[in-house]
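Throughout, a chain's letter reflects where its sequence line sits, starting with A, and its residues are numbered from 1.
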2 protein chains.
Amino acid sequence: MNIGTVSERSGLPAKTIRYYEDIGLIAPDRRDNGYRDYSMEDMHRLRFLQRSRSLGFSVEECRQLLSLYGDRDRESAEVKAIANAKLGEIDRKIAELQGLREMLGHLVANCHGDHRPECPIIEGLSGRAPVH
Amino acid sequence: MNIGTVSERSGLPAKTIRYYEDIGLIAPDRRDNGYRDYSMEDMHRLRFLQRSRSLGFSVEECRQLLSLYGDRDRESAEVKAIANAKLGEIDRKIAELQGLREMLGHLVANCHGDHRPECPIIEGLSGRAPVH
DNA sequence: TGTCGGCCTTCCAGCAGGTGGAAGGTCAAG
DNA sequence: CTTGACCTTCCACCTGCTGGAAGGCCGACA
């Protein structure tokens with residue numbers, strides 16, 4: 001399969017696929033003309049990457065997951081540990097964003113939003129009228 | 001004030017403060033010895049930057065807010081519009097993360113997490129057993 | 001046979017938003 | 001006069017790609 005084909009089927013841009021090869025996540029064959037030639041196994045790995053990236057795993061985490069993916073002797077506990085760590089990260093990020101949302105929402109709610117210069121948002125950001 | 005002092009008082013690393021100068025967010029005086037010399041006004045701007053960055057505004061948005069901050073004739077509507085746009089972005093991000101959380105939580109919940117190789121997480125990521 | 005469009009290749013640069021480190025100048029205390 | 005903490009500039013690096021230039025290759029059509 002040419003890169004255009006796997007790109008379409010995996011949902012990853014060709015540029016990204018070449019980049020994944022650069023950083024050693026995948027190693028397709030080459031044809032005589034220099035074109036990359038992807039096997040079905042390569043396709044599965046790319047699809048795997050696409051999904052795990054979109055679930056928020058970092059490239060390095062994807063590298064780990066990918067090696068577990070190809071490991072017949074893996075222990076599911078190992079995979080679960082990685083996924084659980086990521087779950088914790090996601091939870092922390094959500095909590096952080098909710099904190100921001102509350103603070104910013106507070107500022108916005110108190111601002112007239114008219115032609116006058118008085119603005120609690122600016123005041124809040126400047127720290128003169130701290131928001132808690 | 002030296003950079004170390006403003007760094008401590010604004011909560012921004014010295015490196016970051018120099019970087020903000022590089023990109024034109026701030027322009028402190030210089031002493032004869034070449035050291036940067038920060039005024040109280042500079043301090044307020046840095047604190048403003050620290051707060052607005054930590055509330056999720058991009059550097060370019062901070063630049064806009066900062067120019068409104070120093071503008072006696074600003075209209076609060078302008079500030080409110082920027083803040084409201086950011087609020088929408090934060091909401092979208094939260095929703096996206098909650099989606100991820102749900103999907104990943106689903107995978108994790110179904111994984112034994114023991115010494116056996118069978119792993120619904122890996123299967124889910126590989127796309128063989130799609131999760132909805 | 002030429003040539004045209006669409007694919008493929010490599011390489012280099014750049015995005016955000018900093019961070020790390022090297023090499024060197026300055027200052028205040030002891 | 002030295003020591004150590006501070007300050008300076010400059011350049012490279014981080015993540016995860018993305019864009020573009022310059023050139024090779026392939027299949028169809030005239």
Could you go step by step and tell me if Glu21(B) and Arg36(B) meet the salt bridge (Lys or Arg N to Asp or Glu O under 4.0 Å) rule?
CA-CA 10 Å; Glu21(B) 181 178 347; Arg36(B) 289 168 178 82; 2.5 Å; yes
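Note that CG of Leu104(A) is 11.5 Å distant from CG of Leu97(A), once rounded to the nearest 0.5 Å.
In this structure, Glu21(B) atom CD and dG17(C) atom C1' are separated by 17 Å, rounded to whole Å. Residue Ile17(B) contributes atom CD1, which lies 17 Å from atom C1' of dT9(D) at whole-angstrom precision. Spacing between atom CD1 of Ile23(B) and atom C1' of dG17(C) amounts to 8 Å, rounded to whole angstrom units. Computed from coordinates, the Asn2(A) CG to dC7(C) P distance equals 11 Å when rounded to whole Å. Rounded to a whole Å, the CE atom of Met1(B) is 19 Å from the C1' atom of dC27(C). Nucleotide dA5(D) holds its P atom 15 Å from the CD atom of Glu8(B), rounded to whole Å.
At least one side-chain heavy atom of Ile17(A) sits less than 4.5 Å from a side-chain heavy atom of Ser10(A). Here the side chains of Val6(A) and Asp42(A) are not in contact, with every heavy-atom distance at 4.5 Å or above. At a threshold of 4.5 Å between non-hydrogen side-chain atoms, the residues Arg45(A) and Tyr20(A) do not count as touching. Looking at Ile82(A) and Phe57(A), their side chains come closer than 4.5 Å, going by heavy atoms from C-beta outward.
Counting non-hydrogen atoms under 4.0 angstrom, Arg31(B) reaches nothing in the nucleic acid. Within 4.0 Å (heavy atoms only), Ile3(A) reaches sugar-phosphate atoms of the nucleic acid but no base atom. Among the atoms of the strands shown, base atoms are found under 4.0 Å from some heavy atom of Arg18(B).
For the OP1/OP2 pair of dC8(C) and a distance below 4.0 Å, the side-chain nitrogens and oxygens of Arg36(A) include no atom meeting the criterion. Here Arg30(A) reaches the OP1 or OP2 of dT10(C): one of its side-chain N or O atoms lies under 4.0 Å away.
Judged as a side-chain hydrogen bond (donor to acceptor under 3.5 Å, both in side chains), and not counting sequence neighbours, the contacts of Glu61(A) are Ser58(A), Lys86(A).
In the helix from dT1(C)-dA30(D) to dG30(C)-dC1(D), the rotation axis of the first five pairs and that of the last five pairs differ in direction by 30°, rounded to 10 degrees.
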What one-letter contact string describes nucleotides 14-26 of chain D from 5' to 3', where B marks a base within less than 4.0 Å of any protein heavy atom, S marks contact via sugar-phosphate atoms alone, and - marks no contact?
--BBSBB---BBS
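The shortest non-hydrogen separation linking Arg18(B) to Ile3(B) is CG-CD1, 3.6 Å.
Panel note: side chain Asn33(B), backbone Tyr35(B); a donor-acceptor pair is recorded below 3.5 Å.
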